[in-house]
Participant: 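So that we are looking at the same thing, I have put the structure below in structure tokens.
Here is how names work: the chains are called A, B, and so on, in the same order as the sequence lines, proteins then strands, and each is numbered from 1. Computation of the quantities below employed the complete heavy-atom set of this structure, encompassing side-chain atoms and omitting hydrogens, waters and symmetry-equivalent molecules.
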Number of protein chains: 2
Amino acid sequence: MDAPTAFTSDQESRAHDAQHHSLRLWLRLLSCTTHIEDHVRQRLRHKFGTSLPRFDLLAQLERHPKGITMGELSRRLMVSGGNVTALVDQLQAEAAVQRHHAPDDRRSIRVTLTPAGRRQFARMAREHEEWVMELFDQVEPERLRQLFELLGELKHSVRQRAGVLDQE
Amino acid sequence: MDAPTAFTSDQESRAHDAQHHSLRLWLRLLSCTTHIEDHVRQRLRHKFGTSLPRFDLLAQLERHPKGITMGELSRRLMVSGGNVTALVDQLQAEAAVQRHHAPDDRRSIRVTLTPAGRRQFARMAREHEEWVMELFDQVEPERLRQLFELLGELKHSVRQRAGVLDQE
DNA sequence: TATTGTTATACTCTATAACTATA
DNA sequence: TATAGTTATAGAGTATAACAATA
């Protein structure tokens with residue numbers, strides 16, 4: 001677990017190698033994500049007094065101006081329904097989001113951003129982008145582009161294998 | 001946020017583009033990691049009744065057979081000292097790890113795997129590898145290798161920018 | 001009956017700060 | 001004084017299960 005270079009072949013079996021390589025790739029992926037996440041989380045908290053899950057919820061609403069149901073939020077954010085209720089409660093208390101009863105199905109609730117919520121999210125998203133760009137700026141743009149593409153392939157594979165429905 | 005393809009140039013400024021591209025790359029990275037993490041976390045819980053933080057702690061010990069201090073664990077796992085105390089308490093109660101007072105500095109404590117802890121970790125690590133390999137197996141090995149390399153570059157950049165000390 | 005969302009509860013991980021025992 | 005580790009406390013996020021209202 002200490003060779004910093006790429007995969008090396010040895011006398012082990014192919015399958016065994018593939019396992020180790022997969023694990024090392026996963027650990028590296030996790031390490032990158034954790035560092036970025038910590039950085040972003042800390043800044044979101046200090047500068048905006050918010051958290052990543054709350055930011056992500058707002059981001060989902062921003063993508064769906066007509067609103068999105070609690071169940072949809074639960075699926076997209078991959079957290080339980082009770083959880084979404086709590087998050088939406090908080091954001092509603094801060095007047096960042098609103099609940100609307102759906103006219104056709106009165107069990108269902110559509111959540112939307114308030115104008116103030118939209119403005120607040122825009123401010124956070126702008127800074128968020130700057131933080132991330134700064135973290136990445138030692139890598140050439142072309143390399144970042146390749147990375148984006150390869151991660152797309154990985155995501156596809158993981159989704160198939162894990163049976164995730166997924167957003168984007 | 002819905003074009004599934006790579007970056008596209010438009011009339012926006014270069015800087016603005018770079019920001020958006022960085023953000024999209026970050027979101028894709030986060031999405032991949034989250035899916036894999038959920039998958040692995042769920043299996044660790046159901047098959048071994050453990051969690052990712054606990055697995056990670058054992059993994060650190062496995063890399064350092066002579067033991068590692070509480071403070072070192074705190075830095076490597078990037079969590080607070082109080083936290084490490086709680087995790088080590090649990091693992092010690094399960095007889096997976098041991099605390100030894102350092103002979104030279106009696107404030108300091110070295111934590112090591114017990115033989116049983118080492119065996120248990122080996123079992124978990126082997127399955128862990130299989131789960132991950134399965135998730136990745138829709139991507140060609142050569143592409144996985146490229147991804148590993150690019151993530152190395154990214155990690156380097158992030159570490160420099162975020163000022164992380166880091167393990168591995 | 002099945003589905004949507006809420007409530008209640010509990011657990012894990014986390015940070016912070018006060019504390020102890022050494023150095 | 002400074003450092004290593006612990007304790008105590010609080011808070012966020014999460015899952016689960018029981019529940020109400022509606023379909």
Participant: Between P on D:dG13 and CZ on A:R45, what's the gap in Å once rounded to a whole number?
Facilitator: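 Checked: the CZ to P distance equals 11 Å.
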Participant: What nucleic acid atoms does B:S74 come within less than 4.0 Å of, heavy atoms only: base, sugar-phosphate, or nothing?
Facilitator: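 If one applies the 4.0 Å heavy-atom cut-off, B:S74 turns out to touch nothing in the nucleic acid.
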Participant: Only counting residues at least two apart or in another chain, list the ones meeting ring-ring contact (aromatic ring centres under 6.0 Å, His included) with B:F121.
Facilitator: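 Result, ring-ring contact (aromatic ring centres under 6.0 Å, His included) vs B:F121: B:F55.
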Participant: Can you measure A:H101 atom NE2 to D:dA21 atom P for me and round it to whole angstrom units?
Facilitator: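 Value for this atom pair: 12 Å.
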Participant: Give me each pair satisfying side chain to side chain donor-acceptor pair (under 3.5 Å) with a member in residues 77-91 of chain B, each pair once, sequence neighbours excluded.
Facilitator: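 Found B:R54-B:Q90, B:D89-B:R99.
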Participant: Given 3.5 Å as the limit, does a donor-acceptor pair link the side chain of A:R118 with the main chain of A:L113, or not?
Facilitator: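 Pair absent, no side-chain N/O of A:R118 close to backbone of A:L113.
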Participant: To the nearest Å, give me how far apart CG (A:L73) and P (D:dT14) are.
Facilitator: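 Answer to the nearest Å: 13 Å.
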Participant: Reading DNA chain C from 5' to 3', where do the contacts with chain B start and stop? Cut-off is 4.0 Å to heavy atoms.
Facilitator: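 Result: C:dC13 to C:dA23.
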Participant: Just to verify, what does B:R123 make a salt bridge (Lys or Arg N to Asp or Glu O under 4.0 Å) with, not counting sequence neighbours?
Facilitator: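 None.
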Participant: Suppose we screen for side chain to side chain donor-acceptor pair (under 3.5 Å). Which residues come up paired with A:E72, at least two apart in sequence or across chains?
Facilitator: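 Only A:R75, A:R76 meet the side chain to side chain donor-acceptor pair (under 3.5 Å) criterion with A:E72.
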Participant: Need one value for B:S51: base, sugar-phosphate or nothing, where a base atom within 4.0 Å counts as base even if backbone is also close, heavy atoms only.
Facilitator: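 Sugar-phosphate, no base atom in range.
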Participant: Donor-acceptor pair, distance only, cut-off 3.5 Å: does the side chain of B:T50 make one with the backbone of B:R45?
Facilitator: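 The answer is no, because no donor-acceptor pair under 3.5 Å joins these two groups.
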Participant: Round to the nearest Å and state the distance from A:E94 atom CD to D:dA12 atom P.
Facilitator: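 Going from CD in A:E94 over to P in D:dA12 covers 11 Å.
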Participant: Considering only nitrogen or oxygen atoms on both sides, find all protein atoms under 3.5 Å from nucleotides 5-7 of chain D and state each distance.
Facilitator:
from	atom 1	to	atom 2	distance (Å)
D:dG5	OP1	B:M70	N	3.3
D:dG5	OP1	B:I109	N	2.9
D:dG5	OP1	B:I109	O	3.2
D:dG5	OP2	B:G71	N	2.6
D:dT6	OP1	B:R99	NE	3.0
D:dT6	OP1	B:R99	NH2	3.2
D:dT6	OP2	B:T85	OG1	2.7

Participant: Just by modelled atom types, is the A:L135 backbone N or O under 3.5 Å from a matching donor or acceptor in the B:S157 side chain?
Facilitator: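 It does hold such a pair.
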Participant: Looking at B:T114 and B:A95, would you say the former's side chain and the latter's main chain have a donor-acceptor pair under 3.5 Å?
Facilitator: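 Yes, the answer is positive, given that a donor and an acceptor are paired below the 3.5 Å cut-off.
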Participant: Rounded to the nearest angstrom, tell me the gap between atom CG in A:D104 and atom P in D:dA23.
Facilitator: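 In whole Å, D:dA23 P lies 9 Å from A:D104 CG.
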